[in-house]
Amino acid sequence: MNVLKELNEAQVAAAKVIEGPIMVIAGAGSGKTKVLTHRIAHLIENGIDPFNILSLTFTNKAAQEMKGRISSMVGEDLSRNIWMGTFHSIFARILRIEHEKIGYPSNFTIYDTQDSKSVIKAIVKEKNLDDKLYKPSIVYNRISAAKNSLIDPESYQNNIEITSTDKATGRPEIGDIYMSYHQRCFRASAMDFDDLLFKTNVLLKQNPEVLYKYQDKFKYILVDEYQDTNHAQYLIVKALAARFENICVVGDDAQSIYSFRGANIQNILNFRRDYPDYQLFKLEQNYRSTKNIVEAANSIIRVNKEQIKKSVWTANNEGSKIKVFKSYSDNEEGKTISNDIFEKTQNEKFAFNEFAILYRTNAQSRSFEEALRKLNLPYKIYGGLSFYQRKEIKDLLAYFRLSANLNDEESLKRSINYPRRGIGQTTINKALVCANQHETSLWNVLCDPQRFEFLINSGTKSKLDLFTSTILNYNSRIDKTNAYELAHEIAKNTGLLKELSSDRTPEGIVRFENIQELLNGIQEFTKQTEESKLITLADFLVDVALLTDADNEKEDDRNKVSLMTIHAAKGLEFPNVYIVGMEEDLFPSQMSKNSRNELEEERRLFYVALTRAKVNACLSYAISRFKWGNLIQCEPSRFLEEIDPAYLDYKKYTKKTFSNIHKKKTNVDNVLRNKFSKPLPHLKKVQNIKQTTSYNNKEEILKINVGDDVLHDRFGKGKVIELNGEFPNTKATVFFPSAGQKQLLLKFAKLQLI
DNA sequence: TGCCCGGGTGTTTTT
DNA sequence: CACCCGGGCA
């Protein structure tokens, strides 16, 4: 089979080169992923060993998708051996293999942003610095930027430019905090996200034999989304590719949207310098969108000064113009968009998953959630607080992490007194002082108080002993026991499950369910590979910090409207795209108004948003919106003026159409209730539950009895099987033919007697 | 040590 | 508006 036969001329040209450095500048929707996957398949068909291929992507999801596509072309047996993943996950893997060379244990913990900030916060406090000036996020960003430029704590303090900037902003101690932070992480056998790249650079630089080994292994390297690589990533790629120079990078400068976290478009320009005999390919034909959308997007990006010249075009239909909606408030914007979605599903037979609502900030999702929920339209929110960042999940993971790495200080602090076991802040603080004095880990101090002059009374001592011996027990089994078995035991024996199950508030129930979901996930994880192989909790923990929600996609999430930030939408496409909150200070964000560069990045972001659309694009703005509890007036975004008006269709949005929509709503509800009797799965976000606090009144609740037929606005008709608990916390077990058995709190579930 | 209340503060975007 | 944190009190 010729894997290149499905490609166009430009795509074939880029995919068929086997040797040498090549750069592919790929316009939006031009089949960039297709070129990458077919190129890899082509390499394999030409006898290149999959073990010699390294393919770096921006997200885990992209990696999985590519792997799937390649496997369907060359077969799973071959494709499974390709190293494909994000920079972070691939190099975490390598660091675990080569851990000795950098003085870390192989089971090091990966600190997520929360963990890192918490470490910083503790340091700021210890040093008695002003915590309003040294905010964790500011300090974290400074340290992160330094690490991405490969500046270690010493170089930081010796770098006049950096230190004078810190002095100028009134924060001369950041270098000092960086030093402590660095030591603290090391002591905890932990690395933050940036360390994964930083230490990989150190590893490859200081160990020529290791570099040689991986150069030899990764003879063919591919990098997707090259425009969004940062300096640390650039150097890793450069080092690995130095020997064979079989490197293929794919990107689009017009879609560079991550400079705020160190991404550097210069990397594209450096490529020419580093590989003077490189071949350049441009993919300019867009296969995704209508002419209108492509042209409108071109008219936007043209405003930017800095860009590589290319002309994206399409042979697709003209399509309809881009609709512009004006609303009076953020809530009305939600209704407007939801109604438009509903109409399209009715009149044009679009499925729910053919819609996306894209916004600049996560906070904007609320009004759309509410409006969609009212119309009974199923939706899924991507991003926001990820599953793995939820408090209850982190609480349980802390026990796992601590059991795997006893030095993990963040996990220790988190788990030692939750659930309560009488080891309070005072005790911890005392122990921390000892740990700092003796330059050892908190864990060591707790295990051997005498040795580290940690003075405690016998009561506390016995509580500590109980805790440490429990953890030691888990620790001894972490790589010998089935992951689910141990995870479940930990959840149960530490009292965490009990603690959560005793909380009968709706939020508490969601938390309990989340824990169950995590345990189920672990159980699934143990089954994914060959049957006989023992999968341990240590295996599960290896890259749990690098997982995101996108890796968690559920079957029942398939036919839903997608809500996400534009950043999260990168690389995706939808027939119908709504870009909402098109207002000055929101999009473009007010933070970006300081410099031309930042404003151009916002414009690229808008370009990315618009080019996600295949058939219909829609822009929306509100003239007023709630911000921090205050209603503020908004100006339409300058981007609306920048688009060539020839591609726009300004919807007149009068009172009349508004009331029509309202009249329709009742209708909508009924139609939908019959048509989609499937349950709308409960929201994952804990906050969402809280917002619906309109309780049912007492009489209504007391009227309901076992055996009654009731109507629920999500699950439809059902029968009450059981009632438990006293008013107002009466809980009903209801059987819904369409949704199965559900436990509902009567004060929240608006059940109607039939 | 734990709980409750009040004030202060914050929203870009993410591996 | 919501959340987080710290102070004060039991």
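Protein chains get the first letters and strands the later ones, always in sequence-line order, with residue 1 at the start of each. Just so you know, these numbers use all the heavy atoms, side chains as well, and skip hydrogens, waters and symmetry mates.
Outside the 6.0 Å centre-distance limit, the rings of A:Tyr226 and A:Tyr234 are not counted as a close aromatic pair. In this structure, the ring of A:Phe260 has its center less than 6.0 angstrom from the ring center of A:His567.
At a cut-off of 3.5 Å, with distance as the only test, no side-chain donor of A:Arg261 or A:Asn141 sits close to an acceptor on the other residue. Judged purely by distance below 3.5 Å, without hydrogens or angles, the side chains of A:Asn304 and A:Tyr607 never pair a donor atom with an acceptor atom. Using modelled atom types and a 3.5 Å distance limit, the side chains of A:Thr426 and A:Asn429 yield no donor-acceptor pair.
Contact annotation for A:Phe626: no contact, since no heavy-atom pair falls under 4.0 Å across all strands.
Residue A:Arg625 is tested with A:Glu332, A:Glu635, A:Glu583 for a salt bridge (Lys or Arg N to Asp or Glu O under 4.0 Å); the sole match is A:Glu583.
At the phosphate of B:dT15, neither OP1 nor OP2 sits under 4.0 Å from any side-chain N or O atom of A:Asn148. Dashed line: the shortest gap from a side-chain N or O of A:Thr426 to OP1 or OP2 of B:dT1 is under 4.0 Å. Between A:Asn417 and B:dT1, a side-chain N or O to OP1/OP2 separation shorter than 4.0 Å is absent. OP1 or OP2 of B:dC3 sits under 4.0 Å from a side-chain N or O of A:Arg420. Phosphate contact (OP1/OP2 of B:dT1, side-chain N/O of A:Thr427, threshold under 4.0 Å): present. Distances shorter than 4.0 Å separate some side-chain N or O of A:Thr565 from OP1 or OP2 on B:dT14.
With B:dT15, B:dT14, B:dT11 as the candidates, the nucleotide lying closest to the side chain of A:Ala363 is B:dT11. Taking the side chain of A:Lys132 as heavy atoms from C-beta on, and the options B:dT15, B:dG8, B:dT13, the nearest nucleotide is B:dG8. In the set B:dT14, C:dC1, B:dT1, the nucleotide with an atom closest to the side chain of A:Trp628 is C:dC1. Closest to the side chain of A:Met591, out of B:dT13, B:dT11, B:dT15, is B:dT11.
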What protein N or O atoms touch nucleotides 5-10 of chain C N or O atoms at under 3.5 angstrom, if any, and at what distances?
{"residue": "C:dC5", "atom": "OP1", "partner": "A:Lys121", "partner atom": "NZ", "Å": "2.8"}

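Judged by ring centres under 5.5 Å apart and planes tilted less than 30 degrees, A:Phe260 stacks against the six-membered base ring of B:dT13.
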>> Using salt bridge (charged side-chain N to carboxylate O under 4.0 Å, His left out), reason through A:Arg596 and A:Glu600 one step at a time and then give a plain yes or no.
In response: CA-CA 6 Å; A:Arg596 145 161 239 106; A:Glu600 293 212 342; 3.2 Å; yes
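Place A:Glu601 and A:Lys135 on DNA chain B by their nearest nucleotides, and A:Lys135 ends up nearer the 5' end. If A:Ile423 and A:His88 are placed on DNA chain B by their nearest nucleotide, the residue sitting closer to the 5' end is A:Ile423.
Taking atom CG of A:Leu197 as the reference point, atom P of B:dT15 lies 13 Å away to the nearest angstrom. The CG-P distance, from A:Leu133 to B:dT9, rounds to 13 Å in whole Å.
Nucleotides B:dT13 and C:dC4 are separated by 22 Å at their C1' atoms, to the nearest Å.
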